[in-house]
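Contents: one structure, followed by commentary.
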Amino acid sequence: MNSQARNEQPILSTKNVTVYYGEHIGCRNVSFDLWPGEVIGIVGESGSGKTTLLNSISARLEPDEGGVDYQPHTGDRVNLYALSEARRRFLIRTEWGIVHQNPRDGLRMGVSAGANISERLMALGDRHYGTLRDSAEQWMTSVELDTARIDDMPRQFSGGMLQRLQIARNLVTKPRLVFMDEPTGGLDVSVQARLLDLIRQLVSKLDLAAVIVTHDLAVARLLSQRLLVMHQGEVVESGLTDQVLDDPQHPYTQLLVSSVLQV
Amino acid sequence: MVMDSVYLSVEKLDKTFLLHNQNNTRINVFKDVDLKAYRGECLVIHGESGSGKSTLLKTLYGNYLAKDGHIFIQHRGARVDLVRSEPRKIIQIRKETMGYVSQFLRVVPRVPCIDIVAEPLLERGIDQAVALEKAQTLLERLHIPSHLWNLSPVTFSGGEQQRVNLAHGFIADYPILLLDEPTASLDAMNRDVVIDLIHEKKAQGVALIGIFHDAHVRESVADRYVDMHSIGSLTP
């Protein structure tokens with residue numbers, strides 16, 4: 001299959017994904033397709049199942065029902081949960097990025113900033129110190145970190161800097177698909193604006209497909225083309241981001257949109 | 001006119017708002033709207049405030065969801081019904097075929113004015129140097145001083161923001177262009193620039209559909225009028 005044909009089909013297909021936590025429903029019957037270069041936002045209040053869904057579609061939480069198909073860079077479509085652990089890990093490391101809400105979950109706090117960025121390249125067999133250092137510096141510049149801090153430990157970085165370092169660490173291997181869980185959560189508004197603009201630019205420049213979980217509708221509007229609204233574990237509404245936010249159809253979405261304080 | 005010159009054709013379009021959390025209030029805005037927009041023509045939608053003009057324009061752009069009916073768009077050589085299109089199809093139509101100029105600029109923090117204006121061209125894969133040059137030309141015509149070009153419009157005045165918004169809306173060559181009161185807070189000099197820009201679009205064969213409160217602008221650009229009440233507005 002050539003690359004054009006591959007662009008004609010979804011990079012990720014989620015079918016009836018359902019996760020139970022004992023008696024409780026984590027998420028139920030979620031189906032959607034993500035296309036190459038497309039950014040989907042998942043919004044909803046705390047406990048609505050956003051993170052459960054994100055974990056489930058990013059091969060970190062096997063659904064009780066339903067499945068997730070992924071179209072790798074080369075070869076045939078795969079069912080994520082039918083893959084061997086080794087193959088799944090390889091795919092995640094080479095073709096995906098996962099940006100955690102708390103950067104400490106996505107970084108190695110015991111090694112330098114530069115080593116954090118280079119780690120995935122080394123795992124792919126890159127061993128040349130000069131090349132690794134160059135690319136680490138280049139990525140620090142891309143995410144607006146001072147390259148003079150390359151040998152500093154992450155614990156010496158602020159929250160906003162850690163989040164940018166985590167993004168650099170994820171993008172260094174040029175992934176095709178990135179999952180982000182509240183990427184700007186817990187940051188000051190000014191730091192948030194800078195990070196949002198950075199994510200927006202990188203996603204567009206690298207032609208990334210992305211799934212972004214956020215409870216902040218303004219973040220969703222800025223970053224995503226399409227929106228899934230979750231409520232009590234189910235997707236109650238989906239569509240074009242601006243249409244869902246400006247003309248919401250479901251009672252819950254109407255409540256969500258009308259509850260946002262105007263600045 | 002021949003069928004080929006119809007760029008946008010609306011058939012039996014209905015729009016209703018159902019406000020679930022406000023006593024299930026139903027607002028029927030319009031019903032059975034039919035209209036056509038032709039190549040090289042500016043169609044002006046007429047009607048008093050609250051008659052649904054802006055709602056109609058937003059529905060044509062897919063920003064509001066139609067309750068029923070069709071919005072056929074001439075896109076990539078085919079007739080596509082926007083009402084029944086997938087989000088990614090609508091995104092493609094907005095990128096290539098149909099532009100929309102609202103009254104207000106939605107500013108992204110930290111993005112310089114010139115990049116906002118050039119964005120529609122960059123999205124279409126046009127070379128950055130070409131896109132920036134065209135953005136400069138439009139900003140100059142709309143009298144945005146060059147020392148502001150590299151600043152984010154967050155702190156610009158209302159009139160300046162609207163002119164940035166106009167430059168953003170007019171920069172790409174969309175075959176269909178929707179204008180929602182593009183001259184609302186402009187002075188006479190800039191209003192005349194917008195009139196010129198609209199005439200240039202018409203000369204290029206663009207089909208325009210607009211709402212203009214300003215009588216001078218309206219009379220200068222209109223080729224044809226439709227009245228909201230005669231085409232299906234349900235407001236009293």
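Reminder, nothing fancy here: chain letters follow the sequence lines and each chain counts from 1. All heavy atoms count here, side chains included; hydrogens, waters and symmetry mates do not.
When the shell of 6.0 Å around NZ of B:Lys95 is examined, it contains 12 or fewer heavy atoms from other residues, nucleotides or ligands. More than 12 heavy atoms of other residues, nucleotides or ligands sit less than 6.0 Å from atom CD of B:Glu123. More than 12 heavy atoms of other residues, nucleotides or ligands shown are found within 6.0 angstrom of CZ on B:Arg124. Within a 6.0 Å radius of CD in A:Glu144, more than 12 heavy atoms belonging to other residues, nucleotides or ligands are found.
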Original post:
Could you walk me through whether A:Asp246 and B:Lys58 pass the side-chain contact (heavy atoms from CB on, under 4.5 Å) check?
Top reply: CA-CA 10 Å; A:Asp246 294 339; B:Lys58 285 177 170 148; over 6 Å; no
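Only the side chain of B:Lys15 has a heavy atom closer than 4.5 Å to any heavy atom of chain A. Proximity to chain A (any heavy atom under 4.5 Å) is restricted, for B:Leu18, to the backbone atoms N, CA, C and O. With a 4.5 angstrom heavy-atom cutoff, B:Phe17 touches chain A only via side-chain atoms. A:Asp197 touches chain B through its side chain: at least one heavy atom from C-beta onward sits under 4.5 Å away, while N, CA, C and O do not. Contacts between A:Gln201 and chain B at a heavy-atom distance below 4.5 Å are absent for every atom of the residue. If you measure heavy-atom distances from A:Gln254 to chain B, the contacts under 4.5 Å come from both the backbone and the side chain. Of the two parts of A:Leu255, the backbone and the side chain both hold a non-hydrogen atom closer than 4.5 Å to a non-hydrogen atom of chain B.
For B:Arg94 and A:Asp242, the salt-bridge test passes: some basic side-chain N is under 4.0 Å from an acidic carboxylate O.
Atom-to-atom distance recorded for B:Ile91:CD1 and A:Thr241:OG1 is 7.5 Å, nearest 0.5 angstrom. Once rounded to the nearest 0.5 Å, the distance linking CZ of B:Arg110 with CG of A:Leu196 reads 10.0 Å. B:His20 contributes atom NE2, which lies 7.5 Å from atom NE2 of A:His250 (distance to the nearest 0.5 angstrom).
Chosen from B:Val111, B:Asn63, B:Asn21, the residue pairing most often with chain A at heavy-atom distances under 4.5 Å is B:Asn63. Each of A:Gln225, A:Glu38, A:Gln249 has some count of heavy-atom pairs under 4.5 Å with chain B, and the biggest count is that of A:Gln249.
With sequence neighbours left out, the salt bridge (charged side-chain N to carboxylate O under 4.0 Å, His left out) criterion links A:Asp146 to no other residue.
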Donor-acceptor pairs are to be reported for all side-chain atoms of residues 22-33 of chain B against protein atoms at under 3.5 Å, with residues two or more places apart or in another chain.
unit_1: B:Thr25; atom_1: OG1; unit_2: B:Gln22; atom_2: O; d: 2.5
unit_1: B:Asn28; atom_1: OD1; unit_2: B:Thr16; atom_2: OG1; d: 3.2
unit_1: B:Lys31; atom_1: NZ; unit_2: B:Asp14; atom_2: OD2; d: 3.3

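In plain terms, the two heavy atoms of A:Arg226 and B:Pro87 that are nearest each other are CD-CB, 3.4 Å.
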